[in-house]
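Below you'll find the structure, written out as structure tokens, and then a few comments.
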Amino acid sequence: MTPRNVKRLLFGLLAAALLAISVQFGFGNAWQSQYTYAFAPAAKAPNASPPAANSAKPQAVQQPDKTLPPQPQSLSKRVVEYHISVSLREDGQHLDGEQDVTWTNPGRKPVSELYFHLYPNAFQSAKTTFMTESGGKLRQDKATLNSRSHIELLSLQTLEGESLLPRLQYMQPDDGNTNDYTLVRLRLPEAVAPGKSVTLKMNFEVKLPEVFARMGYSGDFVMAGQWFPKLAVYETVGMRGRTSEGWNVHQYHGNSEFYSDFGIYSVRIDVPESHVVAATGFQTKPIVTNEGRKVFQFYAEDVHDFAWAASPDFVYEETAYSDKGIPGVRIKLYLDPLHADLKDRYFHAAKSALANYAKWYGSYPYNTLSIVVPPDGANGAGGMEYPTLVTAFAAISPNPGYDLERTVVHEIGHQYWYGMVASNEFEEAWLDEGFTSYAEDKVMEAAYGITPNLRLEASYMTDPAPLKQPSWAYADSNQYAENVYMRAKLVLIDIENKVGDKLMERILRIYFQKYKFKHPTTGDFQRVIEQVTKAKWTDYFNQYVYSNRTADVSVEAIGVKPIDQDGAVAYESTVLIQRNGGLTGPVPIVLRFADGTTLTKEWSDTETHIQFTEVSNFPLQSVTVDPNQTNVLDNKLINNFMLAELPSESRTRWSLAAIKLVEGILGAISW
């Protein structure tokens, strides 16, 4: 999921105001400001002209996909199989669903209970775990009086017709909140033997919220995400480091996203006749229209979720795309009318993302990719990923900046790190969000020449925390986003800086290829790094992944005094350098003298501090640690530089990055 970049200008102005008093930047609202760049173009992007008035262009007609021959073998362990029929009521706020769900026991022990996630119940009241943790906010999205929702199981039966509703029990394993109904346990009449399956039939009703936190309605627009009773993941021995098999179950939290198992989805969607439907997977049958209703049939395999959107206002466009690692994919756009003339930008972003991810990591195995552009007012449904379907940010402006491309690129990146490398986002969100943020930057540079302002992003790390921990263990959404998006990405960049571009690309490709359609852990990623580099990374991961360390190195003190040297005046300079965070490797230190000459030293930083003494013909003028700022995990650049000649009572540290930022501001506003 992508945090919105809406505070670029605010941070720039605050930076200029705060430099004089040496205040370091705070991360701010990370959900909106994760990506701040050194005044990269944002107001306009290629072909960003507004739609022509009364333009009449032929639109593509939504047709069923060509049925592909069956895979010679499944890509995943298909633990679940869903057959769902859902109907959107005329009011646009309720779903009536029925599903047959089959679960196959992947373990070695009989299993006598199943767990289902009932995510719409997160918005049932102000007392649920999600609402109490989030305060009714997610990114810029705020719950309204109409943002109440629920999912109710109307019937739950075995194939023989035995009702299982009395066997249901709501569970709150994370916080004991008895007002939370997002997780339910079902005691089965008979245990499921290893390798055997059980099929259940259920009817359910969903009251959708006014768009909030990834799902809901806004006018005639509907985003159905996390909308059906979804089975939790049963983990076997060895999976994600488990020593004994069992269910991995959590409630729906304010920060967390999702975790589920791979399988097959066959979904029938019934909507009012005026609506167009976008969905996970591909459309297998022609649309059937009858008595003012329209029925769509979709199918997906080797995916772990299913989402759909509907609106009478979608402008539908599509194109076919093939490239190396992309044998053939049908890219489908479901555009808000305000962005109808921006279709080429959406297509270009999607193709750029697919081409680069396939080249770097591995093939995109699906034959379809849908991009949904929500209308203004439904941005709470925007910037989100689902298997083979992503949502862009809402069409608020007819002339959006590069946020349009960045969001599409980011969410398609999730097709890899969330979709195929299906990490547990409850417990290790950084393996998805951090990896996707890292990959997104690579595509934006390759396709659009836009590079991140790593100096500024590092300064956002005001509240570092361990990357590997449950999402609800973070203090709030700011700390969550600061770490699992920003600091996680910077850790990956730091690893790349240490091993080199080519080796890093190899690490990520091997990691993807080894763990696609599985559920890897942080430990699995570490082992891949160690395998490729043939070196131990335990100390590094202990500092920057399992702990909250940063890599701050500072100039602590400078002393300059004249001395007599063979009857002439010379100057003895003493410099104290201190390591305030984790080990980061060799640190360059540049001493600049009054005659303009420089002396560069390198410190291994294995100790907590080091003192240099130099004798020269000219007095020391300044000292800079890491002048090129390659140490991306240094979050306090304000202490990297010190002047030697200022009086002690007025000596002020100046961050070179901050100085460059001011220059950028002045350049941006000058004629």
Side-chain angles (χ1 to χ4, degrees), residues 11-26 38 453-462 550-565 568-581 584 586-605 607-667 670:
F11 273 114
L13 296 175
L14 285 175
L18 295 176
L19 277 175
I21 56 174
S22 302
V23 176
Q24 89 176 55
F25 291 89
N453 185 339
L454 298 179
R455 300 173 179 179
L456 190 56
E457 290 182 7
S459 72
Y460 286 169
M461 294 191 295
T462 59
T550 58
D552 178 37
V553 180
S554 63
V555 185
E556 282 299 303
I558 300 175
V560 182
K561 65 179 180 180
I563 61 172
D564 179 77
Q565 189 178 55
V569 176
Y571 296 90
E572 182 180 87
S573 303
T574 303
V575 178
L576 178 63
I577 307 296
Q578 182 166 303
R579 174 170 59 80
N580 308 303
T584 185
V587 179
I589 300 161
V590 176
L591 286 68
R592 179 175 292 276
F593 298 91
D595 64 340
T597 61
T598 60
L599 175 65
T600 300
K601 292 183 171 291
E602 189 174 85
W603 177 39
S604 66
D605 92 339
E607 304 86 14
T608 57
H609 65 276
I610 190 171
Q611 182 169 295
F612 297 107
T613 299
E614 292 292 329
V615 176
S616 59
N617 294 329
F618 293 89
L620 183 64
Q621 189 176 63
S622 66
V623 177
T624 306
V625 170
D626 188 26
N628 295 323
Q629 294 177 337
T630 57
N631 178 13
V632 296
L633 293 176
D634 187 345
N635 65 327
K636 296 180 180 177
L637 300 179
I638 199 114
N639 60 18
N640 283 25
F641 178 78
M642 183 179 283
L643 292 171
E645 289 299 319
L646 288 176
S648 59
E649 64 271 14
S650 62
R651 178 173 292 166
T652 303
R653 300 181 186 276
W654 289 91
S655 165
L656 293 184
I659 292 171
K660 290 295 183 183
L661 180 60
V662 172
E663 292 174 354
I665 294 172
L666 295 176
S670 61

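Predicted model only: the values in this text are computed from it and were never measured.
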(Q) What verdict does the side-chain contact (heavy atoms from CB on, under 4.5 Å) test give for Val553 and Trp603, after you've listed the backbone C-alpha separation in whole Å, the side-chain angles of each residue and the deciding distance to 0.1 Å? (A) CA-CA 11 Å; Val553 180; Trp603 177 39; 3.9 Å; yes
Q | Stepwise side-chain hydrogen bond (donor to acceptor under 3.5 Å, both in side chains) check, Asn639 with Asp552 | A | CA-CA 9 Å; Asn639 60 18; Asp552 178 37; 3.3 Å; yes
Q.
Go through it in stages, so that I can follow the logic: the residues are Val587 and Glu602, the test is side-chain contact (heavy atoms from CB on, under 4.5 Å), and I'd like the CA-CA distance, side-chain angles, deciding distance and then a yes or no.
A. CA-CA 5 Å; Val587 179; Glu602 189 174 85; over 6 Å; no
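In this model, no donor atom of one side chain and acceptor atom of the other lie less than 3.5 Å apart for Asp626 and Asn640. Remark: the Gln578 side chain and the Asn580 side chain contain an N/O donor-acceptor pair separated by less than 3.5 Å. Side-chain contact check for Ser554 and Glu556: at least one donor-acceptor pair (N or O, by modelled atom type) lies under 3.5 Å. Inspection of the Arg455 and Gln629 side chains reveals an N or O donor paired with an N or O acceptor under 3.5 Å.
Taking Thr597 as the reference, Asp595 meet the side-chain hydrogen bond (donor to acceptor under 3.5 Å, both in side chains) condition, with sequence neighbours excluded.
In this structure the side chain of Phe612 reaches within 4.5 angstrom of the side chain of Ile577, judged on heavy atoms. In this structure, the side chains of Val575 and Gln611 stay at 4.5 Å or more apart for every pair of heavy atoms. Within the 4.5 Å cutoff, side-chain heavy atoms of Ile589 are placed close to those of Val623.
In terms of heavy-atom proximity, Phe593 sits nearest to Phe618 at CD2-O, 3.5 Å. Heavy atoms only, all atoms of each residue included: Pro627 and Pro588 are closest at CD-O, 3.9 Å. When all heavy atoms of Ala458 and Asp634 are compared, the pair lying nearest together is CB-O, 3.5 Å. The two residues Met461 and Leu633 come nearest to each other via the heavy atoms CE-O, 3.8 Å.
Atom CD1 in Ile563 sits 9.0 Å away from atom OG in Ser573 (nearest 0.5 Å). How far CD1 of Ile558 is from CD of Gln621: 10.5 Å, rounded to the nearest 0.5 Å. A distance of 9.0 Å separates CG in Leu591 from OG in Ser616, rounded to the nearest 0.5 Å. Distance CD/Glu607 to NE2/His609: 8.5 Å, rounded to 0.5 Å. Going from atom CG of Leu620 over to atom OH of Tyr571 covers 12.0 Å, rounded to the nearest 0.5 Å.
Evaluated for a side-chain contact (heavy atoms from CB on, under 4.5 Å) with Arg579, the options Thr584, Val625, Thr608 yield exactly one hit, Thr608.
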